[in-house]
Number of protein chains: 2
Amino acid sequence: MQQLNQTPQPENLDAVFAALADPTRRAILTRLANGDASVNELAEPFCMSQPAVSKHLKVLERAGLVERAIDKQRRPARLKAEPMREAVKWLEEFSKFWSSSFDQLDDLLEELKKSES
Amino acid sequence: MQQLNQTPQPENLDAVFAALADPTRRAILTRLANGDASVNELAEPFCMSQPAVSKHLKVLERAGLVERAIDKQRRPARLKAEPMREAVKWLEEFSKFWSSSFDQLDDLLEELKKSES
DNA sequence: TTGCTGCATAACCGTATGGTTATATAATAA
DNA sequence: TTATTATATAACCATACGGTTATGCAGCAA
């Protein structure tokens, strides 16, 4: 069935961020959050050929963000958003780190600048 | 057909996610959170040629995540993390949307599965 | 001047993207 | 059986990545 090891590996983090770096794929993910969709159902609203959508789905699959099911001839895509948590986690970690070093520094510099003029 | 969406600047969002999709660049960002660094200062710990680092910095600049200063012959890189907030925002929006539809559904299905056996 | 340092840029390589059209395959419908 | 549907795959194209080495060039130091 599906593999349950969601170990936060940097390797997959690469694939997740790369998958999110395309507007069509982000739109596909948003669409899938509304429910499973077949390739053709995805191809139509995005004004894009069927093979193009299949390729995008492959990228999303590789990132673990999408799973394919089987329903007669259809292979509906299903959202699997857990890998996104890795991305969120990295960004939040970084944001935490950064905001404690640079945010305050920027604010400080801004204050110094003001008081200087 | 929907596209009722929440993304403010999709173009830059592409560049930000793409920039984050490489482990070296994420490491560079983390390093820069500790303070500005010159190209050579970055190249050394990453066991990478200087032109390679320059290329990574260019990708980061294009995403707005890094600015270059001028200090004599050096061009120290400085972290500008604001664009990351766009990425965080997209992921949080999505996460919110998703967790209210799929998380609960997955939990529900998991429960059903257990009680079924 | 000469020379060193820090960085950028060019040229190249192999591979991946993002798209296309054309074709193959597999399941269903008639 | 044949035809249709849904999807995958192949082949192709242009561009971008991620790395290399080689080279150029500006800023300092002698």
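A note on names: the letters A, B, ... follow the listed sequences, proteins ahead of strands, and every chain is numbered from 1. Only a predicted model underlies this, so the values are computations on that prediction, with no experimental measurement involved. Heavy atoms only: backbone and side chains are in, while hydrogens, waters and symmetry mates are out.
- Looking only at side-chain heavy atoms (C-beta outward), A:Thr30 and B:Trp90 come within less than 4.5 Å of each other.
- Within residues 44-53 of chain B, the residues having any heavy atom closer than 4.0 Å to DNA chain D are, in order of number, B:Met48, B:Ser49, B:Pro51, B:Ala52.
- Inter-residue side-chain proximity for B:Ile28 and B:Val66 is flagged as unmet; no heavy-atom pair is nearer than 4.5 Å.
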Can you check nucleotides 12-16 of chain D for protein contacts, nitrogen or oxygen pairs under 3.5 Å, and list what you find?
none

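- Looking only at distances, no side-chain donor or acceptor of A:Arg62 sits under 3.5 Å from a matching main-chain atom of A:Ala19.
- Between the A:Arg75 side chain and the A:Arg68 main chain, no donor and acceptor come within less than 3.5 Å of each other.
- Of the possible polar contacts, none joining the B:Arg31 side chain to the B:Glu41 backbone as a donor-acceptor pair under 3.5 Å is found.
- With contacts defined as side-chain heavy-atom distances shorter than 4.5 Å, the pair A:Asp22/A:Val59 does not qualify.
- Residues B:Phe94 and A:Leu79 are in side-chain contact: their nearest non-hydrogen atoms beyond the backbone lie under 4.5 Å apart.
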Please enumerate all protein N or O atoms sitting under 3.5 Å from an N or O of nucleotides 24-30 of chain C, with distances to 0.1 Å.
residue	atom	partner	partner atom	Å
C:dT28	O4'	A:Gln73	NE2	3.4

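- Residues A:Leu42 and A:Leu57 are in side-chain contact: their nearest non-hydrogen atoms beyond the backbone lie under 4.5 Å apart.
- The two atoms that bring B:Asp14 and A:Arg26 nearest to each other are OD1-NH2, 2.7 Å, heavy atoms only.
- Across D:dG18, C:dG6, C:dG18, the shortest atom-to-atom separation from the side chain of A:His56 is found for C:dG18.
- Considering only side-chain N and O atoms, B:Ser38 lies nowhere under 4.0 angstrom from the phosphate OP1 or OP2 of C:dG6.
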